[in-house]
Amino acid sequence: MGEMSGYVMRGSWVAPLIRAIESYGISASQLLSEEVSDEEIEHVVHTELGYDAISRLWRRAAMLTRDPAIGIVAAQHIGPSSFGPLSFAMYSSRNAVTALKTYATYSQFGTNVSVWWFHETDEYVELTRYGRAGTGAEELKDAVPAAILNMCKSLGDPSLKPDRLVLSRSRPPDTAKWRAFFGVEPVFQEGGRTCMRFAAEAASRPCPSYEPELFQLSVSLLESKIKEFREASFVGLVRAQ
């Protein structure tokens, strides 16, 4: 498969990925040397990288660490500032429902590779990923839902887990690390859609440290980015929608 020109991701994932491989005693230069120059390393988290380059980084990380679950490890190095106003908004949400809805609304600012849809009923809330570009790295397909779950857990219920989880990747030989982290045996569906479903009651529990002002400030910053997209071009309008 050739390079998917036009498909990009922000380098925000590079920092947690570096911290993850460093926990195995592996240096950042071993991971980045083939994709990013020494001069660019300190700035890479603030730039956009081609989707193929990002995928190669994840695959190289799995090879260097010999851990097919490196995506889950990297997700645990995500913090409130990792994705700018998006992660700030999620970490300051009223509950997991709000965090999931916020991610679905604004995740396009990190990449144009996929979109996420939020669906809510009286019984459950669901987040589904619709991919736009090829297969990509399986490690990243683990990392994103793992990070989303971590952020939702931080809102006051560390026992929160999905009732159902579908990951759009091939089934690993041993699923123990996935089962231990997510609290449920995932359905592995290569080429399918990633989907996380939570019981509505569990996801609606209020966060004891809810910060409405920080949440509103973060959402205001995200909304300003939508306005920039709309004013930039017709393509921007389509992406915003």
Side-chain angles (χ1 to χ4, degrees), residues 16 69 71-110 114-131 140-169 171-172 175-189 192-223 226:
I72 293 174
V73 178
Q76 296 173 69
H77 291 277
I78 291 294
S81 63
S82 294
F83 306 126
L86 176 56
S87 49
F88 270 118
M90 293 182 70
Y91 272 103
S92 58
S93 294
R94 179 187 297 274
N95 52 35
V97 173
T98 303
L100 293 168
K101 190 181 299 184
T102 300
Y103 188 83
T105 303
Y106 300 110
S107 63
Q108 70 266 30
F109 296 115
S114 61
V115 294
W116 290 80
W117 290 91
F118 175 83
H119 180 63
E120 182 176 12
T121 72
D122 291 339
E123 291 79 30
Y124 67 85
V125 292
E126 191 171 78
L127 196 64
T128 305
R129 174 189 179 274
Y130 293 82
L140 181 56
K141 293 179 180 180
D142 292 332
V144 174
I148 292 171
L149 178 60
N150 245 11
M151 286 188 271
C152 289
K153 282 183 173 183
S154 74
L155 300 176
D157 184 4
S159 67
L160 181 69
K161 63 181 182 180
D163 285 354
R164 175 175 167 80
L165 174 65
V166 180
L167 297 176
S168 59
R169 56 158 295 158
R171 183 181 181 87
T175 64
K177 289 185 177 181
W178 284 261
R179 188 169 58 252
F181 178 83
F182 289 105
V184 63
E185 178 71 34
V187 175
F188 296 94
Q189 192 176 76
R193 295 169 180 165
T194 291
C195 179
M196 307 175 73
R197 176 178 290 187
F198 298 85
E201 180 181 1
S204 299
R205 292 169 188 159
C207 174
S209 59
Y210 174 50
E211 294 284 353
E213 292 183 358
L214 180 56
F215 177 77
Q216 290 301 327
L217 175 61
S218 301
V219 169
S220 295
L221 290 171
L222 290 166
E223 286 292 336
I226 284 185

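- Remark: Glu185 engages Arg171 in a salt bridge, criterion side-chain N to carboxylate O under 4.0 Å.
- The main-chain N or O of Ile78 is never found under 3.5 Å from a side-chain atom of Ser82 such that the two would form a donor-acceptor pair.
- Look at Asp157 and Arg205 and you find a salt bridge, because one of the NZ, NE, NH1 or NH2 atoms lies within 4.0 Å of a carboxylate O, short of that distance.
- Around CZ of Arg179, the count of heavy atoms belonging to other residues, nucleotides or ligands within 6.0 Å exceeds 12.
- Residues Asp142 and Gly71 come closest through the heavy atom pair CB-CA, 4.4 Å.
- A cation-pi contact, defined as under 6.0 Å to the ring centre and within 45° of the axis, links Lys153 to Phe181.
- Using a distance-only test at 3.5 Å, with no hydrogens or angles considered, no donor-acceptor pair links the side chain of Ser204 to the main chain of Glu201.
- Between the side chain of Ser168 and the main chain of Arg193, no donor-acceptor pair closer than 3.5 Å is present.
- Looking at Tyr91 and Glu211, their side chains never bring a donor and an acceptor atom within 3.5 Å of each other.
- Atom NZ of Lys161 sits in a sparse spot, with 12 or fewer heavy atoms from other residues, nucleotides or ligands closer than 6.0 Å.
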Kindly indicate, with the supporting measurements, whether the criterion ring pair (Phe, Tyr, Trp, His ring centres under 6.0 Å) is fulfilled by Trp116 and Tyr103.
CA-CA 8 Å; Trp116 290 80; Tyr103 188 83; 5.6 Å; yes
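- Of all non-hydrogen atoms in Leu160 and Leu149, the two that sit nearest each other are O-CD1, 3.8 Å.
- In terms of heavy-atom proximity, Asn150 sits nearest to Gln76 at ND2-CA, 3.4 Å.
- A donor-acceptor pair is defined here as one N or O able to donate and one able to accept, closer than 3.5 Å; such a pair exists between the side chain of Thr121 and the backbone of Tyr124.
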Check against side-chain contact (heavy atoms from CB on, under 4.5 Å), Arg169 and Trp178
CA-CA 12 Å; Arg169 56 158 295 158; Trp178 284 261; 3.5 Å; yes
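- Side-chain contact check for Ser218 versus Leu221: every heavy-atom pair is 4.5 Å or farther apart.
- For the residue pair Ser93 and Leu155, the shortest heavy atom distance occurs at O-CD2, 3.8 Å.
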